[in-house]
Amino acid sequence: MTNKVFGMAWYREEDYRRILKIMEDAAMLPRTYKRWKHLVERGERRQKAAGRIVIRAIIEPEKFLTWTEGQGLNAGLHARARYASLVATQISEGT
């Protein structure tokens with residue numbers, strides 16, 4: 001079952017400005033939360049249509065920075081994907 005689970009990095013609107021400040025690849029992210037949400041929801045629908053169970057992995061800026069530092073990662077795309085995958089695995093396994 002876990003191979004059908006897909007963790008998707010997700011932000012809360014109130015955190016989005018901070019997210020843009022902490023991510024090393026912020027220039028690749030939409031400037032507004034509204035645009036980001038529109039794009040990510042479209043991606044979420046595609047994943048679900050492909051038969052995956054999508055788990056929204058909420059990224060809280062300060063907790064995420066602490067996690068990336070502990071993992072020796074830069075706060076960017078690779079770290080977001082890894083974090084979302086970890087959250088999805090934990091949730092799907094009930095840990």
Side-chain angles (χ1 to χ4, degrees):
M1 179 177 170
T2 56
N3 62 346
K4 289 193 170 215
V5 174
F6 182 80
M8 182 170 276
W10 205 269
Y11 314 117
R12 293 180 300 225
E13 186 171 8
E14 62 268 23
D15 292 332
Y16 197 68
R17 285 181 59 169
R18 179 73 176 132
I19 290 294
L20 292 176
K21 289 183 180 184
I22 68 169
M23 296 298 173
E24 68 174 19
D25 60 348
M28 297 181 65
L29 295 171
R31 301 312 319 152
T32 67
Y33 180 80
K34 182 178 179 180
R35 180 70 180 143
W36 170 82
K37 188 174 180 190
H38 171 76
L39 293 172
V40 79
E41 284 177 340
R42 185 171 45 181
E44 182 181 43
R45 285 190 299 273
R46 280 195 299 257
Q47 293 296 329
K48 287 179 177 180
R52 292 185 182 87
I53 298 165
V54 177
I55 295 177
R56 294 178 177 183
I58 304 293
I59 293 183
E60 296 177 34
E62 302 316 314
K63 287 183 181 180
F64 182 70
L65 282 176
T66 299
W67 180 82
T68 57
E69 289 170 9
Q71 298 294 310
L73 299 170
N74 295 323
L77 177 63
H78 175 71
R80 290 192 302 271
R82 192 165 160 187
Y83 183 81
S85 178
L86 176 67
V87 169
T89 299
Q90 290 174 342
I91 289 172
S92 68
E93 292 177 355
T95 57

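- Ion pairing of Arg12 with Asp15 is present here, as a side-chain N (NZ or NE/NH1/NH2) and a carboxylate O approach within less than 4.0 Å.
- Counting only residues at least two apart or in different chains, ring pair (Phe, Tyr, Trp, His ring centres under 6.0 Å) contacts with residues 44-67 comprise Phe64-Tyr83, Trp67-Tyr83.
- Nearest approach of Ile55 to Ala88, heavy atoms of both residues: CD1-O, 3.6 Å.
- Atom CZ of residue Arg46 and atom CZ of residue Arg52 lie 11.5 Å apart, to the nearest 0.5 angstrom.
- Atom OG1 of Thr68 sits about 10.0 Å away from atom CD1 of Ile59, to the nearest 0.5 Å.
- Scanning all heavy atoms of the two residues, the minimum distance from Pro30 to Leu39 falls at CG-CD1, 3.7 Å.
- Note: Tyr11 OH to Ile58 CD1 = 10.5 Å, rounded to the nearest 0.5 Å.
- Put simply, the side chain of Thr89 gets close to the backbone of Ser85: a donor and an acceptor are under 3.5 Å apart.
- The side-chain heavy atoms of Leu29 and Met23, taken from C-beta on, include a pair separated by under 4.5 Å.
- Put simply, the side chain of Gln90 reaches to within 4.5 Å of the side chain of Leu86, judged on heavy atoms.
- Residue pairs meeting the salt bridge (charged side-chain N to carboxylate O under 4.0 Å, His left out) criterion with at least one member in residues 24-37, sequence neighbours excluded: Asp25-Arg80, Lys37-Glu41.
- Heavy-atom minimum distance, Ala84 versus Ala9: CB-N, 3.6 Å.
- Atom CD of residue Glu13 and atom CD1 of residue Ile19 lie 13.0 Å apart, to the nearest 0.5 angstrom.
- For the residue pair Ala75 and Leu65, the shortest heavy atom distance occurs at CB-CD2, 4.1 Å.
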